[in-house]
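Since the model is a prediction, treat every value here as computed from it, not as a measurement. Every number for a ligand or one of its atoms is a count from 1 in the order of the listing.
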Amino acid sequence: MDTPTSTVLAQRKVLIIGIANEHSIAYGCARAVRDLGADLAITYLNDKAKPYVEPRAKELGASLLLPLDVSKPGELEAVFDEIRATWGRLDVAVHSIAFAPKDDLQGGLLNSSAEGFAMAMDISCHSFIRMARLAAPLMDDGGSMFAMSYLGATRVVPNYDLMGPVKAALEASCRYLAHELGPKRIRVHPISPGPLKTRAASGLKDFDLLLNEAAERAPIGELVDIMDVGYTCAFLATPYARRMTGNTIFVAGGVSIIG
Ligand code: NAD
């Protein structure tokens with residue numbers, strides 16, 4: 001990676017959860033905060049994922065590369081133990097993960113199973129709350145936390161189904177955490193990107209139709225890319241955004257304003 005183009009996040013310690021490969025939204029966030037000078041801790045899901053994530057971590061000069069499956073007891077705690085031991089503090093935490101079992105994701109909300117719904121909620125939403133609980137004590141000097149949402153949280157987007165209520169819960173969780181953590185000068189935002197061709201998105205039925213529709217409906221007339229999301233995340237992490245918290249930030253070319 002080239003020398004950072006700005007020092008606005010120099011010395012800032014940033015945890016990035018959710019890089020699967022170079023198409024991941026989390027990778028865009030990692031590149032953008034790195035470009036503003038931040039130090040990175042990056043996680044990978046498991047041994048199978050590591051060969052795809054490790055080169056990205058190297059390229060970005062990450063200080064830490066750690067395994068993390070949020071559904072495995074103790075792994076999230078181990079990540080924070082390492083961060084505490086290495087840095088002694090944390091400034092920014094980016095949560096960019098989601099999961100739902102395929103049958104539950106593609107079978108319509110009406111048919112979703114209790115187990116599938118609970119698993120989607122645990123990995124895609126409650127893990128953010130657990131992350132916040134572990135991160136907050138390391139943010140003595142204030143900080144910020146971000147989670148990736150989608151328009152389907154508040155509008156019906158065909159085929160988004162089960163993930164709609166899960167993202168609605170995630171956005172509400174961000175608002176409540178923003179309220180609880182505001183007195184500690186910790187800011188919390190859901191970021192809501194437009195559709196992007198990533199591995200997670202490939203699990204949605206007719207995703208290409210969603211992409212085409214987004215490009216047609218967006219006032220800006222183009223799809224977003226991971227660096228658009230990354231630089232929004234980076235901006236929100238800077239002191240320039242210090243009086244912002246809690247609200248959903250759309251990075252979707254304006255699609256969210258169209259009725
Ligand atoms: P991606 O496949 O690149 O990233 C998803 C990540 O979730 C992967 O790194 C995967 O390892 C991780 N993950 C899944 N289960 C996990 C677990 N148990 N523990 C730890 N990590 C786990 O796809 P993406 O599109 O970059 O997704 C990132 C986030 O952005 C998700 O929350 C997704 O819902 C959201 N989002 C995506 C789009 C889109 O169109 N791609 C739009 C809006 C929001």
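Ion pairing between a basic and an acidic side chain is recognised when a charged N comes within 4.0 Å of a carboxylate O; D47 and K50 show no such pairing. Salt-bridge check for K13 with D39: passed, with a basic side-chain N closer than 4.0 Å to an acidic carboxylate O.
Between the R34 side chain and the A38 main chain, a donor and an acceptor come within less than 3.5 Å of each other.
Using a 4.5 Å heavy-atom threshold, the side chains of R31 and Y27 count as touching. The shortest distance between side-chain heavy atoms of I258 and P219 falls below 4.5 Å.
Residue pairs meeting the ring-ring contact (aromatic ring centres under 6.0 Å, His included) criterion with at least one partner in residues 54-108, sequence neighbours excluded, are H95-F128.
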Give a table of atom pairs where an N or O of ligand 1 lies under 3.5 Å from a protein N or O.
residue  : atom   : partner : partner atom : Å
ligand 1 : 2 (O)  : A200    : N            : 2.9
ligand 1 : 3 (O)  : S24     : OG           : 2.6
ligand 1 : 9 (O)  : G18     : O            : 2.9
ligand 1 : 9 (O)  : A20     : N            : 3.3
ligand 1 : 18 (N) : D69     : OD1          : 2.8
ligand 1 : 19 (N) : V70     : N            : 2.9
ligand 1 : 23 (O) : T198    : OG1          : 3.2
ligand 1 : 25 (O) : T198    : OG1          : 2.5
ligand 1 : 26 (O) : I25     : N            : 2.9
ligand 1 : 32 (O) : I97     : O            : 3.1
ligand 1 : 32 (O) : K167    : NZ           : 2.9
ligand 1 : 34 (O) : K167    : NZ           : 2.8
ligand 1 : 40 (O) : L196    : N            : 2.8
ligand 1 : 40 (O) : L196    : O            : 3.3
ligand 1 : 41 (N) : L196    : O            : 3.0
ligand 1 : 41 (N) : T198    : OG1          : 3.1

